[in-house]
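Below is one structure, written out as structure tokens; comments come after it.
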Amino acid sequence: MKFSLRPSEGAFYEMFSRAAQNLVKGADLLTELALPGADVQSVSERLIEVEHDSDQITHELYNKINSTFITPFDREDIYRLGSGLDDVMDHIEAVGSLVYLYGLTKLPALPREMHELVDVLNKQAAITADAMERLRTGAPGVKRPKGVPKMKDLHSLKDYWVECNRLENDGDRAYRMLLVRLFSGEYDALTVLKMKEVADELEAACDAFEHVANVVETIAVKES
């Protein structure tokens with residue numbers, strides 16, 4: 001394997017941005033999935049395609065780490081950030097697959113709290129994609145527009161991890177209320193089991209977004 005002695009920051013940040021954009025696509029597909037009359041099979045298949053693309057990006061990222069002698073920041077943090085972004089996509093794809101396989105869209109309507117969780121994921125995906133772009137353009141050695149911070153000023157991303165954590169709290173509240181609804185007797189036992197599994201994946205995706213934000217905060221602290 002050929003090694004590079006020069007740090008190629010642009011390639012790493014480009015992969016982070018691509019992975020985050022896939023999360024936006026995935027969250028958008030979940031919104032489509034929750035709409036009345038949605039083509040559930042089509043949405044599920046498209047989610048699988050996006051998830052496969054994310055896996056490929058993660059694979060490229062790991063290869064890049066292993067073939068680069070000097071990385072733009074701690075190797076461990078690059079792994080954690082890439083892995084974290086991939087974990088979010090895995091949970092989002094699992095939601096689509098479960099809704100399709102369990103036939104949950106045959107219900108008159110999905111619970112309101114499930115829609116609220118999807119809305120939280122959409123917001124987390126949007127601010128994560130923005131943060132990855134700001135991380136990329138703020139890195140040293142990378143050409144950036146006027147006014148965009150350098151790596152030493154990454155604390156300017158504080159608004160991102162604070163908001164992502166706040167949204168995760170909103171997701172937790174929606175998840176708890178969803179559990180209350182599921183165990184209220186409104187649904188039969190088998191439907192409850194199916195929706196509980198979907199709810200767990202939605203909540204796990206919200207948590208995974210928060211983990212990504214925590215990694216970005218760690219990077220900011222180390223590089224400041």
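When a residue number appears, it is its place in the shown sequence, counting from 1.
- Side-chain N/O atoms of H115 and D119 include no donor and acceptor closer than 3.5 Å.
- Side-chain contact between L167 and F209 is absent, with no heavy atoms from C-beta onward closer than 4.5 Å.
- In terms of the salt bridge (Lys or Arg N to Asp or Glu O under 4.0 Å) criterion, residue partners of E32 (sequence neighbours excluded) are, by chain and number, R46.
- Transitive grouping of hydrophobic side chains (ILVMFWY, heavy atoms separated by less than 4.5 Å) brings L101 and Y187 into a common cluster.
- The shortest side-chain heavy-atom distance between H52 and E49 does not fall under the 4.5 Å cut-off.
- A 4.5 Å side-chain heavy-atom check between F73 and K222 finds every atom pair outside the cut-off.
- Side chains of L47 and E45 form no contact here, defined as non-hydrogen atoms less than 4.5 Å apart.
- In the hydrophobic clustering of ILVMFWY residues, with side-chain heavy atoms under 4.5 Å counting as a link, I57 and I48 come out apart.
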Discussion item. Could you walk me through whether E163 and D159 satisfy the side-chain contact (heavy atoms from CB on, under 4.5 Å) test, starting with their C-alpha distance in whole Å, then the side-chain angles of each, then the deciding distance to 0.1 Å, before giving a yes or no?
Written reply: CA-CA 6 Å; E163 177 63 6; D159 61 325; over 6 Å; no

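- A donor-acceptor pair under 3.5 Å is absent between the side-chain atoms of D74 and the main chain of D77, judged by distance alone.
- Taking each heavy atom of G82 and T58 in turn, the nearest pair found is O-OG1, 4.2 Å.
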Discussion item. If you apply the rule side-chain contact (heavy atoms from CB on, under 4.5 Å), what do you find for E168 with D172, and how did you get there?
Written reply: CA-CA 6 Å; E168 193 275 334; D172 279 345; 3.0 Å; yes

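- Here CD1 of I219 is found 11.0 Å from CG of N214. Values are rounded to the nearest 0.5 Å.
- Applying the salt bridge (charged side-chain N to carboxylate O under 4.0 Å, His left out) definition to pairs two or more places apart or across chains, those involving residues 197-210 are K196-D200.
- We find the CG-SG distance between N169 and C206 to be 10.5 Å, quoted to the nearest 0.5 Å.
- Qualifying side-chain hydrogen bond (donor to acceptor under 3.5 Å, both in side chains) partners for R18, counting only residues two or more places apart in sequence or in other chains: E60.
- For the pair M132/L85, a side-chain contact is recorded, criterion being any heavy-atom separation below 4.5 Å from C-beta on.
- Nearest approach of T128 to Q124, heavy atoms of both residues: OG1-O, 2.7 Å.
- Looking at E76 and R80, their side chains come closer than 4.5 Å, going by heavy atoms from C-beta outward.
- Note: the hydrophobic cluster containing L98 does not contain L35 (ILVMFWY, side chain heavy atoms under 4.5 Å, direct or indirect links).
- A heavy-atom distance below 4.5 Å is not found between the side chains of D86 and L61.
- The two residues A174 and L117 make their nearest non-hydrogen contact at CB-CG, 4.0 Å.
- Checked against side-chain hydrogen bond (donor to acceptor under 3.5 Å, both in side chains), D130 has the following partners two or more places apart in sequence or in another chain: R134.
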Worksheet item: Could you walk me through whether T191 and D188 pass the side-chain hydrogen bond (donor to acceptor under 3.5 Å, both in side chains) check?
Response: CA-CA 5 Å; T191 299; D188 63 83; 2.8 Å; yes

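- For T31 and N122, the side-chain atoms include at least one donor-acceptor pair closer than 3.5 Å.
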Worksheet entry | Test side-chain contact (heavy atoms from CB on, under 4.5 Å) applied to L30 and L202, step by step | CA-CA 10 Å; L30 286 188; L202 287 167; 4.3 Å; yes

For residues 20-29, please give each side-chain donor-acceptor pair under 3.5 Å, one per line with the distance, not counting sequence neighbours.
from: N22; atom 1: ND2; to: D53; atom 2: OD2; distance (Å): 2.9
from: N22; atom 1: ND2; to: S54; atom 2: OG; distance (Å): 3.1

Practice prompt. Run the numbers on M195 and L104 for side-chain contact (heavy atoms from CB on, under 4.5 Å), then give the verdict.
Written response: CA-CA 8 Å; M195 287 204 289; L104 292 177; 3.8 Å; yes

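- For the pair K123/V120, no side-chain contact is recorded, criterion being any heavy-atom separation below 4.5 Å from C-beta on.
- Tracing side-chain contacts under 4.5 Å through hydrophobic residues (I, L, V, M, F, W, Y), one never reaches M177 starting from L121; they form parts of separate clusters.
- Among all heavy-atom pairs drawn from L178 and P111, the shortest one is CD1-CB, 3.6 Å.
- Residues P72 and I78 come closest through the heavy atom pair CD-CD1, 4.1 Å.
- With sequence neighbours left out, the ring pair (Phe, Tyr, Trp, His ring centres under 6.0 Å) criterion links Y79 to Y62.
- One finds the SG atom of C164 at 4.5 Å from the OH atom of Y160 (value rounded to the nearest 0.5 Å).
- Remark: M15 CE to H59 NE2 distance equals 11.0 Å, nearest 0.5 Å.
- Across S97 and S44, no two heavy atoms sit closer than the pair CA-OG, 3.8 Å.
- The CZ atom of R181 sits 4.0 Å away from the CD atom of E113 when rounded to the nearest 0.5 Å.
- The distance from the OH atom of Y175 to the CD atom of E116 is 15.0 Å, given to the nearest 0.5 Å.
- Put simply, L179 and L110 are part of the same group of oily side chains (I, L, V, M, F, W, Y) that touch within less than 4.5 Å, one to the next.
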